[in-house]
Amino acid sequence: MDFGFVGSEPEWQRIKPQFDAQSAHRLVALLLDSPSATGAAIEPGVQPHAWPASVRKVSDFEELLTDPHVSALILGGASDARAERLRRIAQHGRSCLCLPAAESDAILLHEVAMIAAESHGVLVPWLPARLHPAWQDILSRSAPDALGVAQSVLIERTGPMPTGRQLVAMSYAEAADMLGSLVGEVTEITATGVLAAGRLVVQHRTATGQAGEIRLAPAASDPDRWRI
């Protein structure tokens with residue numbers, strides 16, 4: 001599949017490993033937002049990404065949106081422009097992999113979902129944790145004919161932990177996606193925590209009465225390690 005990308009270089013670096021592992025997919029066109037527009041600066045000493053010569057750079061979103069050579073879009077970039085761009089993608093019936101935005105609005109996302117349903121567009125949130133080999137192994141061991149349903153799962157991650165709204169839009173969204181694969185569709189949630197400190201506790205319940213809990217917190221032993 002040939003993809004068009006909207007976003008910054010740091011965002012592409014997060015996604016690129018999946019393309020490296022899937023030779024059937026390739027990047028063919030991009031609209032590059034500046035790092036300042038996305039709030040994600042390139043770390044000192046890191047060289048800017050060298051885009052392949054075959055990747056076309058465009059300067060207008062509508063050009064990328066209507067490009068017949070692009071099979072699907074990957075949407076990142078400036079948060080203040082992402083909502084309208086996602087709406088336009090849905091209106092055109094395009095398929096899109098959408099990176100999380102800290103300012104996501106539930107009413108807007110519901111509107112976009114209804115538009116996509118009418119236009120037959122396929123919108124997929126970027127939730128890569130479900131693809132991790134270790135998580136796939138846990139799921140296989142939690143099958144009824146294996147060890148039984150998991151009672152508790154502890155995941156540790158390294159690197160800076162998101163705080164504020166990003167803790168919900170990125171970290172919690174991924175954890176909830178993984179929880180859903182264990183307990184099924186969640187219909188009720190209750191949350192407490194301090195987002196600025198990177199702490200969040202969310203209780204979940206499914207339509208069948210199953211309960212699950214997600215706790216996000218920094219690891220006390222290591223400032224660069226945090227726990228789900």
Side-chain angles (χ1 to χ4, degrees), residues 1-42 48-132 162 165-166 168-174 176-177 180:
M1 181 176 286
D2 293 341
F3 283 88
F5 171 72
V6 182
S8 67
E9 292 181 7
E11 287 176 322
W12 174 250
Q13 293 302 323
R14 289 168 50 198
I15 298 174
K16 186 176 181 294
Q18 298 299 329
F19 276 76
D20 293 340
Q22 297 287 337
S23 59
H25 303 316
R26 63 174 183 164
L27 179 69
V28 298
L30 69 91
L31 173 62
L32 192 61
D33 274 344
S34 67
S36 60
T38 63
I42 297 177
H49 180 69
W51 301 98
S54 60
V55 176
R56 292 178 286 106
K57 292 184 179 180
V58 302
S59 58
D60 181 73
F61 176 72
E62 291 295 321
E63 179 184 349
L64 187 64
L65 179 63
T66 58
D67 191 329
H69 301 292
V70 171
S71 306
L73 296 170
I74 300 173
L75 180 62
S79 293
D80 57 356
R82 197 174 307 181
E84 180 57 31
R85 286 171 173 173
L86 187 60
R87 183 185 284 108
R88 295 286 296 139
I89 289 171
Q91 290 171 341
H92 276 259
R94 301 302 301 269
S95 297
C96 176
L97 176 66
C98 186
L99 276 64
E103 303 302 324
S104 297
D105 181 277
I107 295 177
L108 166 69
L109 295 179
H110 180 65
E111 175 192 343
V112 169
M114 290 193 298
I115 295 172
E118 294 180 358
S119 65
H120 303 291
V122 178
L123 306 180
V124 180
W126 172 242
L127 300 171
R130 65 161 65 185
L131 304 176
H132 197 287
R165 294 194 177 202
Q166 288 288 353
V168 177
M170 297 176 61
S171 306
Y172 168 71
E174 277 198 282
D177 180 56

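Counting begins at 1 with the first residue of the sequence.
- By the side chain to side chain contact (heavy atoms under 4.5 Å, CB included) test, Leu108 is found to be paired with Ala83, Arg87, Asp105, Glu111, Val112, residues two or more places apart in sequence or in another chain being considered.
- Applying the salt bridge (charged side-chain N to carboxylate O under 4.0 Å, His left out) test to every pair with at least one member in residues 51-60, sequence neighbours left out, gives these pairs: Arg56-Asp67.
- Between the side chain of Glu174 and the main chain of Ala129, a donor-acceptor pair closer than 3.5 Å is present.
- Taking OG of Ser95 as the start and NE2 of His120 as the end, the distance is 12.0 Å to the nearest 0.5 Å.
- Between the CD atom of Glu11 and the CD atom of Glu9 there is a distance of 11.0 Å, given to the nearest 0.5 Å.
- Between Arg85 and Asp33, at least one side-chain N (NZ, or NE/NH1/NH2) sits under 4.0 Å from a carboxylate O, which counts as a salt bridge.
- Scored by the side chain to side chain contact (heavy atoms under 4.5 Å, CB included) test, Ala113 finds no partners at all (sequence neighbours excluded).
- For His110, the side chain to side chain contact (heavy atoms under 4.5 Å, CB included) partners at least two apart in sequence or on another chain are Met114.
- Not counting sequence neighbours, the partners of Leu97 by the side chain to side chain contact (heavy atoms under 4.5 Å, CB included) test are Ile74, Val124, Trp126.
- Of all heavy-atom pairs spanning Leu30 and Leu64, the tightest one is N-CD1, 4.5 Å.
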> Could you go step by step and tell me if Arg94 and Leu65 meet the side-chain contact (heavy atoms from CB on, under 4.5 Å) rule?
Replying inline: CA-CA 8 Å; Arg94 301 302 301 269; Leu65 179 63; 3.9 Å; yes

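- Legend: salt bridge (charged side-chain N to carboxylate O under 4.0 Å, His left out) pairs involving residues 117-126, not counting sequence neighbours: none detected.
- Across every non-hydrogen atom of Ala116 and Leu123, the tightest pair is CB-CD1, 3.8 Å.
- Residue Cys96 holds its SG atom at 6.0 Å from CG of Leu73, rounded to the nearest 0.5 Å.
- Residues passing the side-chain hydrogen bond (donor to acceptor under 3.5 Å, both in side chains) test with Arg88, sequence neighbours excluded: Glu62, Gln91, His92.
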>> With side-chain contact (heavy atoms from CB on, under 4.5 Å) as the criterion, how do Leu99 and Arg82 come out once you've worked through the C-alpha distance, each side chain's angles and the decisive distance to 0.1 Å?
In response: CA-CA 9 Å; Leu99 276 64; Arg82 197 174 307 181; 4.0 Å; yes

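- When the ring-ring contact (aromatic ring centres under 6.0 Å, His included) test is applied to Phe61, no partner is found at least two apart in sequence or on another chain.
- Two residues are said to be in side-chain contact when any heavy atoms from C-beta on lie closer than 4.5 Å; Trp12 and Leu27 meet this criterion.
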